[in-house]
Every structure is written in structure tokens, then in C-alpha cells.
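Predicted model, so just to flag it, every value in this text is computed and none were measured.
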Amino acid sequence: MFWESLYQMQSKLDQYIEQQHDLEKSGYVESKILALLVELGELANETRCFKFWSTKGPSAPSVIQEEYVDGVHFLLSLGLDLGFRYTHQEEGNRPMTQTEAFLEVYSRVEVFRHERTKENYEALFHAYVTLGRTLGITAEDLKEAYINKNEVNFKRQDQGY
């Protein structure tokens, strides 16, 4: 699949951010985990899948894709920091609602936070990919959205984001 090319792009972005802000490499795992959780919440808010009390629909697919790929950035960055790589796994999951998929990712983040193993990283990443499928995000959508957002993130660094 295309994961290795995304890891390479993320590595360049991480290095650029480290240089721009004079940061030590790999010193921000806890912050990246929290950032992933924040991005996950922002994504859930855009989908509105849990808002049973509201009749307002979800945001546009492009907005949901952009929020989704923000989480991918942090997952890739965490893998780089800890020396882990996600490789595509067979689907094999039971069908889930979007709400169930979000809760599964939150659960996997917490497990990973406490036990930073390769297996827990892969399970977290797989849960995130599964969430993407429940949102209708294809592999091609993910790759294209990641590339676009990566360019935006470089520009933001240049603008003092």
C-alpha cells in the first residue's frame, strides 16, 4: 500500500517542525497522544454521529476527510517517534456504527498510552483505519487528503502557525 510514502512525508514534516521550533526529536509523545485525542473529538463533532438529540446533519465529506487526516498525521508521527510502522491489515472486523468505531479508537489510544508496544500501535492504527471506512473514506481519499493537508501544514509552519 502507500503507508511508507506517508511515513516519509510525515518524517520530513516532523523534521521541519523540529527545526522551526528548535525541538528535540521524539520528545513529545505524550503531547502527540493528546493531540490525537483532540483531533478525534473534532472529527466526531464534524460527523455528529453521536448527537442523537440533533437533526442537523454531518459536515461536508471534504471537512470530515480533512479532520480525519489530521489524526493520521499524529498516528504516523507517533510511529516515527517510537520506531513502529503500520502495514495494512485485513478488514475482518464486524460491522460497526460510527459511534462504536470512535469509541474503539478512544479505547485503543488509552491502551497505547499506557503500553507503547508495536502491537498496540498497530491495533490503534487499524482501529483508526476502520473508523475511516465507517466514514466512507477510501484509501485513495485518505492518501489524497493526507498529501493536501501535509502541504498546508508546511505552509502553516512558514507562517508562524
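A single hydrophobic cluster is not seen to contain both Ile17 and Val38; linkage of ILVMFWY side chains at heavy-atom distances under 4.5 Å, directly or through other members, places them apart. In the hydrophobic cluster analysis, where Ile, Leu, Val, Met, Phe, Trp and Tyr join through side-chain heavy atoms closer than 4.5 angstrom, Leu34 is grouped apart from Val105. Placement of Val111 and Phe102 in two distinct hydrophobic clusters is found when ILVMFWY residues are connected by side-chain heavy-atom separations under 4.5 Å, directly or transitively. Linking ILVMFWY residues whenever their side-chain heavy atoms come closer than 4.5 Å, directly or via other members, places Val69 and Ile147 in the same cluster. A continuous path of Ile, Leu, Val, Met, Phe, Trp and Tyr side chains, each step under 4.5 Å between heavy atoms, connects Phe112 with Tyr106, placing both in one hydrophobic cluster.
The shortest side-chain heavy-atom distance between Tyr128 and Tyr68 falls under the 4.5 Å cut-off. Looking only at side-chain heavy atoms (C-beta outward), Tyr28 and Asp81 stay at 4.5 Å or farther from each other.
Rounded to the nearest 0.5 Å, atoms CD (Glu144) and CD1 (Ile137) are 12.0 Å apart. Taking CZ from Arg113 and CG from Leu37, the interatomic distance works out to 8.5 Å, rounded to the nearest 0.5 Å. Here Gln65 contributes atom CD and Ser62 contributes atom OG; the two are 7.0 Å apart, rounded to the nearest 0.5 Å. With rounding to the nearest 0.5 angstrom, the CE atom of Met96 is 9.5 Å from the CG atom of Leu103. Taking CG of Leu36 as the start and OG of Ser31 as the end, the distance is 12.5 Å to the nearest 0.5 Å. We find the CG-NZ distance between Leu78 and Lys32 to be 6.5 Å, quoted to the nearest 0.5 Å.
Annotation: side chain to side chain donor-acceptor pair (under 3.5 Å) contacts of Ser59 (sequence neighbours excluded): Glu46. Scanning for side chain to side chain contact (heavy atoms under 4.5 Å, CB included) contacts around Thr97 gives Thr99, Glu100, with sequence neighbours left out. With sequence neighbours left out, Tyr16 forms a side chain to side chain contact (heavy atoms under 4.5 Å, CB included) with Gln19, Gln20, Phe154, Gln157, Asp158. Take Lys118 and apply the salt bridge (Lys or Arg N to Asp or Glu O under 4.0 Å) test, not counting sequence neighbours, and it matches Glu122. With sequence neighbours left out, Lys51 forms a side chain to side chain donor-acceptor pair (under 3.5 Å) with Asn45. Residues meeting the salt bridge (Lys or Arg N to Asp or Glu O under 4.0 Å) test with Glu42, sequence neighbours left out: none. Qualifying salt bridge (Lys or Arg N to Asp or Glu O under 4.0 Å) partners for Glu104, counting only residues two or more places apart in sequence or in other chains: Arg108. The side chain to side chain contact (heavy atoms under 4.5 Å, CB included) search around Ala35 returns Phe74, not counting sequence neighbours. Applying the salt bridge (Lys or Arg N to Asp or Glu O under 4.0 Å) criterion to Arg48, with sequence neighbours excluded, gives no partner residue. Residues satisfying the side chain to side chain contact (heavy atoms under 4.5 Å, CB included) test with Thr138, not counting sequence neighbours, are Glu140, Asp141.
For the residue pair Gln15/Ser11, the side-chain donor-acceptor check at 3.5 Å is satisfied.
Ser77 contributes no side-chain N or O that, together with a main-chain N or O of His73, makes up a donor-acceptor pair within less than 3.5 Å.
Within the hydrophobic cluster formed by Ile, Leu, Val, Met, Phe, Trp and Tyr side chains joined at under 4.5 Å, directly or through other members, Val63 stands alone, with no partner residue. Cluster note: Phe50 groups with Phe52, Trp53 through ILVMFWY side-chain heavy atoms spaced under 4.5 Å, whether in direct contact or through intervening members.
Note: Tyr146 and Trp3 fail the aromatic proximity criterion, with ring centroids not under 6.0 Å apart.
Tested against Leu80, the residues Leu13, Asp14, Leu75 include a single side chain to side chain contact (heavy atoms under 4.5 Å, CB included) partner, Asp14.
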Query - Trace of the side-chain contact (heavy atoms from CB on, under 4.5 Å) decision for His126 with Thr130 - result: CA-CA 6 Å; His126 184 69; Thr130 299; 3.8 Å; yes
Query raised in the report: Would Tyr86 and Tyr7 count as a ring pair (Phe, Tyr, Trp, His ring centres under 6.0 Å) if you check the C-alpha gap in whole Å, the side-chain angles of each, and the deciding distance to 0.1 Å?
Result: CA-CA 9 Å; Tyr86 174 76; Tyr7 278 106; 8.3 Å; no
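Because its NZ or CZ atom is not both nearer than 6.0 Å to the ring centre of Tyr121 and within 45° of the ring axis, Arg116 does not count as a cation-pi partner of that residue.
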